[in-house]
Protein chains: 2
Amino acid sequence: MTTLTTPGGGPLYLQVRKLLTQRISGGAWPPGHLIPSELRLARELGVSQGTVRKAVDDLVGNNVLVRQQGKGTFVAVHDTRRALFHFFPMVGDDGQRVLPNSRVLSCRRLPAKQSEARALDLPAGARVIRIERTRDLNNRPTIVESIVLPAASFPELGKSRSERLPNTLYELYEERYGITIHRAEEQLRAVAASAKVAKLLGIEPGAPLLEITRLARTLDGTPVELRISRCLTRAHHYQSNFV
Amino acid sequence: MTTLTTPGGGPLYLQVRKLLTQRISGGAWPPGHLIPSELRLARELGVSQGTVRKAVDDLVGNNVLVRQQGKGTFVAVHDTRRALFHFFPMVGDDGQRVLPNSRVLSCRRLPAKQSEARALDLPAGARVIRIERTRDLNNRPTIVESIVLPAASFPELGKSRSERLPNTLYELYEERYGITIHRAEEQLRAVAASAKVAKLLGIEPGAPLLEITRLARTLDGTPVELRISRCLTRAHHYQSNFV
DNA sequence: TGAGTTAACTCTTATACAGGACCTATGAAT
DNA sequence: ATTCATAGGTCCTGTATAAGAGTTAACTCA
């Protein structure tokens, strides 16, 4: 139990924020959980409601918590819409969002390559799960994806041959393994299509593709998924807005 | 003068926020300007300091205002660092930010193409300024850019033949024309290099390039710049972080 | 049984106040 | 002239209070 002291560890509301974050990422408050009311927390922690409010405001701003007036404050959940709209930046050239349709090509457990181990912060040679799949946009194969996960964090996944993998993996991580993806870093490059990828996408080898290398992390910063997507951008594009 | 009424137009702090926004985008408070203290504003508008604070918090979160403890609150300025780090997402593959070196190829005033007029919300055939330039990263030509501006908003720009255009255009817009770029929307695609672009970049035609189509807007949403960048992503990449 | 009302609880907005930290300018002392 | 201390302004943090609005559940009444 962390003690809250006003002169010691910086601003009180930051200490409260940290404490709430720990309870969430530690699993005490799983996604969808109704957290205690501001007043209860204030009494419990021995601070004023305004201080709790400021901490909660912060977490709401970071999509960690969700307020509902009259009901309470909840730990954010990756429903399908959020997973799709928030973590899937490909949209049609007409600006319309399209929901991708996935087809898994393979799903194996095997030792990590060096680069994968480095990115996922794993010991060299640790076992990973590698999922290869294609995704259709508007019924046309548009994305070829390679997804790498630490095998230790996802027991059972991909062991049974006939397992159905859902369209939105982030929901699966959250519901089956209690792992919530909270943020991600993406690196974008233009690359030439390899023969294999070209065949899957029905295009000529060497055609330009948008390559997205994404490292997804949980709330506490642990990397949990390395994903490389190669996207055909003839009828769709990657949308990025910033202020 | 807008009147602030508590039951009428929604929450008070949003009315305050709107009023502040108007003063900024209207030019009454130019970039770098020290705005009145929270207490003065509160007295002036007939609300409490906390309400002003909430409105200011909002604008600080949107990079419109900048607080400085002990000094006051200022309208945000596009200094070179900010312009570069905030609106230039290309970084080296080692994660290092590099400052680009620009070389202007041409700068002309001419009628807008249909697509340009549409994007910039101009009447068909309105005059625009078109700037073509290349940008070096680490002393290697890496980006070919085409920049289109509404000519009416930028008098004199590009009329004198020998004009030196600075490396960071957004500073020029702000300092010479009082136009502050506040947000931008980007669309990313992978394209094949045209013969012309390939020659400028010293690569073979058909090589994959990252094409970024950016529409930049002021605080009040007016589009002011359409920019198409074609980037070589062999030693650099486009970095996109999201939560 | 069923519908409508009420009560209790939540977040939301707004106000007021106070001590701390930070910055600047003024003035005093050297 | 330079250095130093001080005063007053600013934002920062924290507390306390209160009326409003949305939700839920229990309760009343027909």
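So that the names make sense, note that chain A is the first sequence line, chain B the second, and so on, each numbered from 1. These numbers come from the heavy atoms of this one structure, side chains and all, not from hydrogens, waters or symmetry mates.
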> What is the distance from CG of B/Leu39 to C1' of D/dC12, rounded to the nearest Å?
Replying inline: 14 Å
> If only side-chain N and O atoms of A/Thr73 are considered, is one of them under 4.0 Å from the OP1 or OP2 phosphate oxygen of C/dC11?
Replying inline: yes
> Does the side chain of B/His236 pick up a donor-acceptor pair with the side chain of B/Asn138 at under 3.5 Å?
Replying inline: yes
> Taking OP1 and OP2 of D/dT10, is either one under 4.0 Å from a side-chain nitrogen or oxygen of B/Ser37?
Replying inline: yes
> Whole-Å distance between C/dA14 P and B/Arg17 CZ?
Replying inline: 13 Å
>> Distance check needed: C/dC9 P versus A/Phe74 CZ, whole Å only.
In response: 17 Å
> Picking from C/dA21, C/dA14, C/dT12, which would you name as closest to the side chain of B/Ser48?
Replying inline: C/dA14
> Which nucleotide, C/dC11, C/dT13, D/dT13, lies nearest any side-chain atom of B/Tyr13?
Replying inline: C/dT13
> Is any side-chain nitrogen or oxygen of B/Arg53 closer than 4.0 Å to OP1 or OP2 of D/dC12?
Replying inline: yes
>> Between B/Lys54 and C/dT13, is there a contact of a side-chain N or O with OP1 or OP2 at under 4.0 Å?
In response: yes
> How long is the line joining CD of B/Gln15 and P of C/dT12, in whole Å?
Replying inline: 19 Å
>> Categorize A/Gln68 for me: base, sugar-phosphate, or nothing, with a 4.0 angstrom heavy-atom threshold over every strand shown.
In response: sugar-phosphate
> Roughly, in whole Å, what's the span from CG in A/Leu14 to P in D/dC12?
Replying inline: 13 Å
> Are more than 12 heavy atoms from other residues, nucleotides or ligands located less than 6.0 Å from atom CZ of B/Arg103?
Replying inline: no
> Taking the six-membered ring for Trp, are A/Phe87 and A/His78 ring centroids under 6.0 Å apart?
Replying inline: yes
>> Let's see if you can work this out: which of C/dA14, D/dG20, D/dC11 has an atom nearest to the side-chain heavy atoms of B/Thr51?
In response: C/dA14
>> Strictly below 4.0 Å: does B/Arg67 bring a side-chain N or O up to OP1 or OP2 of D/dT10?
In response: no
> With respect to the side chain of A/Lys71, which nucleotide from D/dT24, D/dA21, C/dC23 is positioned closest?
Replying inline: D/dT24
> Whole Å only: how far is the CD atom of B/Gln69 from the C1' atom of C/dG19?
Replying inline: 13 Å
> Expressed in angstrom and rounded to an integer, what is the separation of B/Leu12 atom CG from D/dG20 atom C1'?
Replying inline: 13 Å
> Nearest 0.5 Å, what's the CZ-CZ distance between B/Arg53 and B/Arg67?
Replying inline: 4.5 Å
> Rounded to whole angstroms, how far apart are CD on A/Glu38 and C1' on D/dA21?
Replying inline: 15 Å
> Which nucleotide sits closest to the side chain of A/Gln49: D/dG20, D/dT17, D/dC11?
Replying inline: D/dT17
>> Nearest 0.5 Å, please: how far is CD in B/Glu186 from OH in B/Tyr238?
In response: 3.5 Å
